[in-house]
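Notes follow once the structure below has been shown.
Naming: A, B, ... by sequence-line order, numbering from 1 per chain.
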Amino acid sequence: MKTLTLSEKELPFDLDLTFSCGQIFGWKKSGNIWKGVHNGRIITIRQDNRTIRYSGCDKKVLYHFLGLKDNIPEIYQSICTHIAKFTHEKQDLFFLERFLLSKGIRILRQDPWECLFSFICSSNSNVRTIGKRIGLLMENYGTCCSIGENLFPEPLAMGAIDEESLRKCLTGYRAPYLMGTAEYIITHPDFFLKISSLSYPDAKKELMILPGVGPKVADCVLLFGFERMEAVPVDIRIRKIITAQYQDIIPGEKGTKTLSYDTIADFCRSYFGPYAGYAQQYLFATRDVRQELSV
DNA sequence: TTCCAGGACAGAA
DNA sequence: TTCTGTCATGGA
């Protein structure tokens, strides 16, 4: 295995938190080693404090994938500055607590197709089931890499599967979404290049053309696959947190019965600033962490 | 057994 | 534009 030693500016970094916080699926942990697919390669990674040991890719690829160029203290400072501007108060203790529990998380830079495929599979499921579903799809339809090791199914492979077979991999009603999206990607080979070139709102609109991609999945793909840190995926957990903790300070929304998706996402962007995607991930992750810590 | 989960979608109001 | 019912299924 190759070695990468994290410098001071690359801290904090927590491999376990980063891979178990619901932003990536299909990666498995055995002992201290995480193994999974990134950009068409099987990669293994382990962390011992500041030392990252890895195989399957070069340092540049790993560094980019793990988001190690992100300066977390600066990102936190940016978020705090925006919170202070919004509230005219020194600190948001609720957010500070969440940040302290999950500050080792990095927003990964996933391959766009692998990320899109994963989040179409994610709808209305829990993290464990999503992982199982993606594992089955990889096992049955992924490109064989070596004995017992498969990559993600390519769009061409997905397009060739009949719906009934696809449904057997726990995809349920998502099967036609996967097939339709694969078909679109096959017939529009420059699709991801186009997404990269568009502004956040236009990229989101374009992604939502795809079957099985609504506002939530589009935001996940933009955040985890296209480095759009202003993307704020609003799932049931984020909705509950924002409603319980922040609804009263959202202009015009005090007492509103149900906050719309855009109201929540737009609030997060104006409250947390350009790194709202990171802030969202700190909020999303901490419930599980707190349970593990029995807090 | 019931409820919940990193939702999308079509049709109705 | 917003609301509602439906889809499918493993896990708690």
Table please: side-chain donor-acceptor pairs of residues 139-150 of chain A below 3.5 Å, with sequence neighbours left out.
| unit_1 | atom_1 | unit_2 | atom_2 | d |
| --- | --- | --- | --- | --- |
| A:Asn140 | ND2 | A:Leu136 | O | 2.8 |
| A:Ser146 | OG | A:Glu149 | OE1 | 2.5 |
| A:Glu149 | OE2 | A:Lys35 | NZ | 2.4 |
| A:Asn150 | ND2 | A:Met138 | O | 2.9 |
| A:Asn150 | ND2 | A:Glu139 | O | 3.2 |
| A:Asn150 | ND2 | A:Gly142 | O | 3.3 |

Rounded interatomic separation in angstrom, taking [atom1] from [X] and [atom2] from [N]:
X        : N     : atom1 : atom2 : value
A:Ile120 : B:dA8 : CD1   : P     : 10 Å
A:Tyr184 : B:dA8 : OH    : P     : 18 Å
A:Leu178 : B:dC9 : CG    : P     : 12 Å
A:Ile236 : B:dC3 : CD1   : C1'   : 12 Å
A:Asn124 : C:dG5 : CG    : C1'   : 13 Å
A:Tyr173 : B:dA5 : OH    : P     : 13 Å
A:Ile130 : B:dA8 : CD1   : P     : 12 Å
A:Lys204 : B:dG7 : NZ    : C1'   : 13 Å

Notebook entry, point to check: In terms of the nearest nucleotide of DNA chain C, which residue is placed more toward the 5' end: A:Lys132 or A:Ser123?
Noted result: A:Ser123

Next item on the list: By nearest nucleotide on DNA chain C, pick out whichever of A:Arg128 and A:Ser125 is the more 5' one.
Entry: A:Ser125

Nearest to the side chain of [X], heavy atoms from C-beta on, is which of [options]?
X        : options              : result
A:Thr129 : C:dG10, B:dC9, B:dG6 : C:dG10
A:Leu170 : B:dG6, C:dA8, C:dT9  : C:dT9
A:Val127 : B:dA8, B:dG6, C:dA8  : B:dG6

Check: Taking atom OH of A:Tyr275 as the centre, does the number of heavy atoms from other residues, nucleotides or ligands within less than 6.0 Å exceed 12?
Finding: no

What does [X] touch in the nucleic acid at a heavy-atom separation under 4.0 angstrom: a base, only the sugar-phosphate, or nothing?
X        : result
A:Leu136 : nothing
A:Phe224 : base
A:Val213 : sugar-phosphate
A:Arg174 : base
A:Ile238 : base

Next item on the list: Inspect the contact between A:Asp70 and A:Arg106 and indicate whether a charged nitrogen and a carboxylate oxygen are less than 4.0 angstrom apart.
Entry: no

Margin query: I'd like to know if A:Tyr177 reaches the base of B:dG7 with its side chain such that a donor and an acceptor end up less than 3.5 angstrom apart.
Written below: no

Item checked: Polar side-chain contact A:Asp235-B:dA5 base: donor and acceptor under 3.5 Å -> no

Notebook entry, point to check: So, do A:Trp27 and A:Phe65 have ring centers that fall under 6.0 Å from each other?
Noted result: yes

Next item on the list: Run through A:Lys69, A:Arg109, A:Glu10 and flag the one making a side-chain hydrogen bond (donor to acceptor under 3.5 Å, both in side chains) with A:Tyr63.
Entry: A:Glu10

Item checked: Test item: A:Gln281 side-chain N/O and A:Thr18 main-chain N/O as donor-acceptor pair under 3.5 Å -> no

Notebook entry, point to check: Any side-chain N or O of A:Lys216 less than 4.0 Å from the OP1 or OP2 oxygen of B:dA5?
Noted result: no

Next item on the list: Please measure how far the C1' atom in C:dT2 lies from the corresponding atom in B:dG6, and state the result in whole Å.
Entry: 23 Å

Next item on the list: Using heavy atoms to find the nearest nucleotide of DNA chain B for A:Met208 and A:Phe25 separately, return the residue whose nucleotide is more 5′.
Entry: A:Phe25

